[in-house]
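Read the structure below first, then the notes.
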Amino acid sequence: VRSVPEDRLVYYNLDAYRLYRPKRAEWIRDREEDLVERAGLTICLAQTQVEALKDRHPAHADRIEHFPLGVLDTFLNPHPDGEPEPETVGYVGNLTDRIDWRLVRSVVDECSDLRFVFAGGLDEVETGGEKSEWRKHRTAAFQQPNVEHLGRLPQDEVTELYWNSAVNWIPYD
């Protein structure tokens, strides 16, 4: 994008990308620094990203804005007065090293009266290898009788899990 004029360059930040590839975190951060410095506008999905980028780029804070995602009507619960399934905890998303699996395992063990439902693929990322600590905790958590792993769900089925869970959580590390 070096040839794009600054007044035409928009950096749309969806996440803290360096957390996806820890081995390339410094490289990713350097690219992001360049983008924020050059872009006429930086918009972020998360308010925490807005604050972090403004802290790192105070001279460009006036060009960094919060721009949250909207939602399609199909994701809104058509029966919000309906009761969720009692004592259920739902999670939809990546099931990789970004989750605090030690925490998950502990909560699953301590709350054996609750049912934990996880939806998402078991795609492996570059961190840690097969015998990594986080994988051991994930495996142990998924072996508990109160845990159900649904695998990947089609996007149009995700809403049912959200709507039917008494609690939805994102136990990120």
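Values reported hereafter were calculated over all heavy atoms of this structure, with side chains retained and with hydrogens, waters and symmetry mates removed.
A single hydrophobic cluster is seen to contain both Ile28 and Val36, as judged by linkage of ILVMFWY side chains at heavy-atom distances under 4.5 Å, directly or through other members. Using a 4.5 Å cut-off between side-chain heavy atoms of Ile, Leu, Val, Met, Phe, Trp and Tyr, with links allowed through other members, Val147 and Leu150 fall into different hydrophobic clusters. In the hydrophobic clustering of ILVMFWY residues, with side-chain heavy atoms under 4.5 Å counting as a link, Val108 and Leu95 come out together. Residue Val89 is not grouped with residue Leu153 when hydrophobic side chains (ILVMFWY) are merged at heavy-atom distances under 4.5 angstrom, including chains of intermediate members.
Taking both residues in full, the closest heavy atoms of Leu161 and Ala119 are given as CD2-CB, 3.8 Å, listed atom of the first, atom of the second, then distance. Of all heavy-atom pairs spanning Ser165 and Pro84, the tightest one is O-CB, 3.5 Å. The shortest heavy-atom contact between Leu14 and Leu45 is O-CD2, 3.4 Å. Residues Asp62 and Ala59 share a closest heavy-atom pair of OD1-O, 4.1 Å. Heavy atoms only, all atoms of each residue included: Val104 and Ala141 are closest at CG1-CB, 4.1 Å. Closest of all the heavy-atom pairs between Trp134 and Thr96 is CZ3-C, 3.5 Å.
Applying the side-chain hydrogen bond (donor to acceptor under 3.5 Å, both in side chains) rule to pairs touching residues 69-92 yields Glu85-Arg115, sequence neighbours excluded. Counting only residues at least two apart or on different chains, the side-chain hydrogen bond (donor to acceptor under 3.5 Å, both in side chains) pairs with a member in residues 26-46 are Tyr11-Glu32, Asn13-Glu32, Glu32-Arg56, Glu33-Arg56, Glu33-His57, Glu37-His57, Glu37-His60. Every pair passing ring pair (Phe, Tyr, Trp, His ring centres under 6.0 Å) that includes a residue from residues 146-173 is listed here, sequence neighbours excluded: Phe116-Trp169, Phe142-His149.
Side-chain atoms of Val92 and Asn168, non-hydrogen and from C-beta on, never get closer than 4.5 Å to each other. Looking at Val1 and Ser3, their side chains never come closer than 4.5 Å, going by heavy atoms from C-beta outward. The shortest side-chain heavy-atom distance between Gln49 and Tyr17 does not fall under the 4.5 Å cut-off. In this structure the side chain of Ile99 never reaches within 4.5 angstrom of the side chain of Asp173, judged on heavy atoms. Looking only at side-chain heavy atoms (C-beta outward), Val50 and Cys44 come within less than 4.5 Å of each other.
Remark: side-chain polar atoms of Trp101 are not paired, donor with acceptor, to backbone N or O of Glu133 under 3.5 angstrom. In this structure a side-chain-to-backbone donor-acceptor pair under 3.5 Å is missing from Ser106 to Arg102.
Crowding of Ile170 atom CD1: a count of heavy atoms from other residues, nucleotides or ligands under 6.0 Å not exceeding 12. Other residues, nucleotides and ligands contribute over 12 non-hydrogen atoms within 6.0 Å of the CZ atom of Arg18.
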Would Leu9 and Leu41 count as a side chain to side chain contact (heavy atoms under 4.5 Å, CB included) if you check the C-alpha gap in whole Å, the side-chain angles of each, and the deciding distance to 0.1 Å?
CA-CA 7 Å; Leu9 182 60; Leu41 177 64; over 6 Å; no
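Of the inter-residue distances, the one linking Leu53 atom CG with Arg63 atom CZ reads 12.0 Å to the nearest 0.5 angstrom. Annotation: the span from Arg138 atom CZ to Asp97 atom CG amounts to 9.5 Å, rounded to 0.5 Å. To the nearest 0.5 angstrom, Ser132 atom OG is 9.5 Å from His137 atom NE2. For the atom pair Leu103 CG and Glu110 CD, the distance stands at 11.0 Å (nearest 0.5 Å).
Using a 4.0 Å cut-off between a side-chain N of Lys or Arg and a carboxylate O of Asp or Glu, Arg98 and Asp15 qualify as a salt bridge.
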